[in-house]
Amino acid sequence: MAGNGSPSVSRADGLRLALIAASSGFGQSALLALVPIVTERTGLASPQIGAVAFLGALVFLVAAPLWGHHGTAWRIKPFFAGLACLMIVGQGLFAGALHVGVPAAALGLLLVSRLLYSVGAAGVLPHAQAAIVQRSTAERRPAALANLSAGLNVGRIAGSLVTLGAGAGVIVPVIMMVASPLLLLCAPNLPAAPPIGKKDESSSRRANIRRILPLLAVGFALTFGFGQIQLVLGLFLQHRFGLDAVAAAGLGGATYAAVAVAMIATQILLVPRLAFQLGRNMRWGIAGFAVGCLAIILAPVPWLVPAGAVWAGIGLAVATPAYTACLAQRVAAHRQAGAAGWLASTHAAGQGLGALCGGAAFALSPELPFITAVGIAIVTCLALLRLDDRAQDEEVSRDHGVAP
């Protein structure tokens with residue numbers, strides 16, 4: 001039986017949801033890849049482009065939980081069609097900003113563009129994740145959630161490569177950005193989540209907050225640690241081994257690509273084969289992340305740094321679907337989208353604050369961001385030693401009538 005008695009998500013539906021996640025990941029990274037083109041075409045400086053990116057992140061932080069709580073009354077297909085419209089209009093304004101020719105007008109269009117796009121994109125992952133959780137058995141959830149995460153990462157890689165099409169003209173990557181939200185139209189036509197009465201809603205709110213906060217803390221801690229590494233890895237290579245800027249950037253870029261590929265392969269090939277022991281999988285994944293960061297700190301030669309980063313990425317790829325599935329076990333069916341929205345917001349906050357703090361830590365000591373990541377991972381592992389996700393799953397089932 002699925003999580004709430006609804007029909008199970010088929011493999012085809014799961015793949016369609018992963019494709020939708022890829023569309024979201026594409027939009028996230030494509031703007032960053034196009035920053036040099038944006039500055040050249042609009043005449044805007046990097047601080048102004050940074051303000052546009054910051055607005056998008058801020059809107060996402062607020063909108064993801066709101067969509068999670070207030071979008072559950074819709075069937076999945078028309079809901080995603082509405083999100084796609086917001087995203088397409090936003091990307092269309094982005095295209096207009098590149099051709100308006102007036103910096104002030106371009107900035108205004110970019111701000112409105114990112115506002116609309118982020119409002120739409122913020123609803124994608126929470127409801128894709130909730131659709132999987134509500135309609136899959138507990139044992140199948142980690143693998144299905146891992147496929148969703150792999151789809152997101154594939155989209156991010158594709159978005160980072162969007163500039164390859166710019167050789168044929170800037171119109172090519174722009175068309176790709178405008179068209180990518182159309183993938184949301186392939187959403188499966190799944191029913192909305194069952195409604196809940198106000199009395200039940202009020203009585204279970206505090207209990208649900210207590211259940212999800214530890215898992216939100218895990219998600220924040222890991223994305224905070226990973227965000228630090230992403231920002232300073234190239235700088236660390238340059239400082240530690242005396243590489244010039246070009247060599248450090250090249251090795252750093254290759255490392256990012258290798259980490260992304262390793263994470264996708266892990267989520268597709270390894271996670272579905274792991275035993276259904278979420279607490280153990282979380283701890284092993286977090287421990288792998290710590291070992292990878294430690295290997296970076298101790299690397300005597302440059303090529304061992306990518307190896308350590310890949311190992312850290314594999315650890316994250318194991319831990320992320322485990323704590324996501326564990327969070328889902330702690331939440332009643334009607335709250336799945338809301339919890340997923342809070343998790344998406346937590347990930348965004350951890351990534352952003354990690355990048356901010358990583359830069360400051362690197363200024364104090366080049367090894368400090370990696371040492372901090374190791375410390376965070378160790379503390380998180382110790383905090384999870386007494387995790388009993390199965391008991392929590394049964395508790396949610398008794399309280400809310402959810403099939404374990």
Side-chain angles (χ1 to χ4, degrees), residues 18-57 59-60 80 83-103 105-122 124-125 150-186 230 234 246 249-250 252-261 264 348 351 355:
L19 191 63
I20 288 168
S23 171
S24 176
F26 181 90
Q28 290 175 18
S29 59
L31 176 66
L32 298 177
L34 289 172
V35 164
I37 294 176
V38 174
T39 56
E40 179 185 43
R41 302 275 304 198
T42 63
L44 298 173
S46 57
Q48 295 165 312
I49 303 300
V52 173
F54 176 78
L55 174 66
V59 170
F60 191 95
F80 276 11
L83 296 181
C85 290
L86 285 171
M87 295 164 71
I88 290 171
V89 172
Q91 299 293 51
L93 292 175
F94 171 81
L98 298 184
H99 295 87
V100 71
V102 180
L107 179 60
L109 286 173
L110 286 175
L111 289 171
V112 177
S113 161
R114 213 57 193 168
L115 172 65
L116 293 176
Y117 180 85
S118 297
V119 168
V124 174
L125 282 180
L152 180 67
N153 286 327
V154 168
R156 285 172 175 164
I157 292 175
S160 66
L161 300 176
V162 71
T163 52
L164 296 180
V170 70
I171 191 64
V172 175
V174 169
I175 289 176
M176 293 172 66
M177 290 185 68
V178 174
S180 63
L182 292 173
L183 290 174
L184 272 66
L185 300 181
C186 74
Q230 285 183 308
V246 174
T255 300
Y256 296 143
V259 169
V261 171
I264 292 169
Q351 192 82 11

Peer 1: Write out all pairs satisfying side-chain hydrogen bond (donor to acceptor under 3.5 Å, both in side chains) with one or both partners inside residues 252-261, taking only residues at least two apart or from two chains.
Peer 2: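 Checked against side-chain hydrogen bond (donor to acceptor under 3.5 Å, both in side chains) - neighbours excluded - no pair reaches residues 252-261.
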Peer 1: Report the residues that fulfil side chain to side chain contact (heavy atoms under 4.5 Å, CB included) with I264, sequence neighbours left out, ordered by chain and then residue number.
Peer 2: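 Partners of I264 by the side chain to side chain contact (heavy atoms under 4.5 Å, CB included) criterion, ordered by chain and then number, come out as A150, N153, V154, I157, I268.
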Peer 1: Check whether any side-chain heavy atom of L184 sits under 4.5 Å from a side-chain heavy atom of M87, and report yes or no.
Peer 2: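 When only atoms from C-beta onward are counted, M87 and L184 do touch, with a gap below 4.5 Å.
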Peer 1: Working to the nearest 0.5 Å, report the span between CG of L125 and CZ of F60.
Peer 2: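 L125 CG to F60 CZ: 6.0 Å, rounded to 0.5 Å.
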Peer 1: Any side-chain heavy atom of L110 sitting closer than 4.5 Å to one from L44?
Peer 2: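 Yes. Closest side-chain heavy atoms under 4.5 Å.
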Peer 1: Does any part of the side chain of F94, heavy atoms only, come nearer than 4.5 Å to the side chain of M177, both counted from C-beta?
Peer 2: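 Contact flag for M177/F94 side chains = yes.
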Peer 1: Treating S118 as the side-chain partner and G56 as the backbone partner, does any N or O pair qualify as donor plus acceptor under 3.5 Å?
Peer 2: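 Answer holds: yes.
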Peer 1: With a 4.5 Å limit on heavy-atom distance, are the side chains of F80 and I20 in contact?
Peer 2: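 Result yes, sub-4.5 Å side-chain heavy-atom pair found.
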Peer 1: Of all the heavy-atom pairs spanning L116 and G90, show the shortest one and how long it is.
Peer 2: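 Nearest pair, atom of L116 first, then G90: CB-CA, 4.1 Å.
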Peer 1: Indicate the atoms forming the closest heavy-atom contact of A105 with V100, along with that distance.
Peer 2: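 Minimum heavy-atom separation between A105 and V100: CB-CG2, 3.9 Å.
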Peer 1: How many angstroms lie between atom OG1 of T42 and atom CD of E40, to the nearest 0.5 angstrom?
Peer 2: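 Going from OG1 on T42 over to CD on E40, the span is 9.5 Å.
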Peer 1: Give the C-alpha distance, both sets of side-chain angles, the deciding distance and a yes or no for side chain to side chain contact (heavy atoms under 4.5 Å, CB included) between Q91 and Y117.
Peer 2: CA-CA 7 Å; Q91 299 293 51; Y117 180 85; 3.6 Å; yes
Peer 1: Distance-only, no hydrogens or angles: does the Q48 side chain make a donor-acceptor pair with backbone N or O of A45 under 3.5 Å?
Peer 2: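 Indeed, once roles are kept as given, a pair shorter than 3.5 Å links the two residues.
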Peer 1: Just wondering, do L107 and V52 contact through their side chains at under 4.5 Å, heavy atoms?
Peer 2: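 The answer is yes, as the side chains (C-beta and beyond) meet within the 4.5 Å cut-off.
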Peer 1: Can you give me the closest heavy-atom contact between P181 and I88, atom names plus distance?
Peer 2: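 In terms of heavy atoms, the two residues are closest at CB-CG1, 3.7 Å.
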Peer 1: Can you pull out every side-chain hydrogen bond (donor to acceptor under 3.5 Å, both in side chains) where at least one residue sits in residues 174-186? Sequence neighbours excluded, please.
Peer 2: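 As it turns out, there is no side-chain hydrogen bond (donor to acceptor under 3.5 Å, both in side chains) pair with a partner in residues 174-186 once direct neighbours are skipped.
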Peer 1: To the closest 0.5 Å, what do you measure between CG (L93) and CG (L98)?
Peer 2: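 Those atoms lie 11.0 Å apart.
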Peer 1: If every non-hydrogen atom of V124 is compared with every non-hydrogen atom of L83, which pair is closest and at what distance?
Peer 2: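 For V124 versus L83, the nearest heavy atoms are N-CD1, 3.9 Å.
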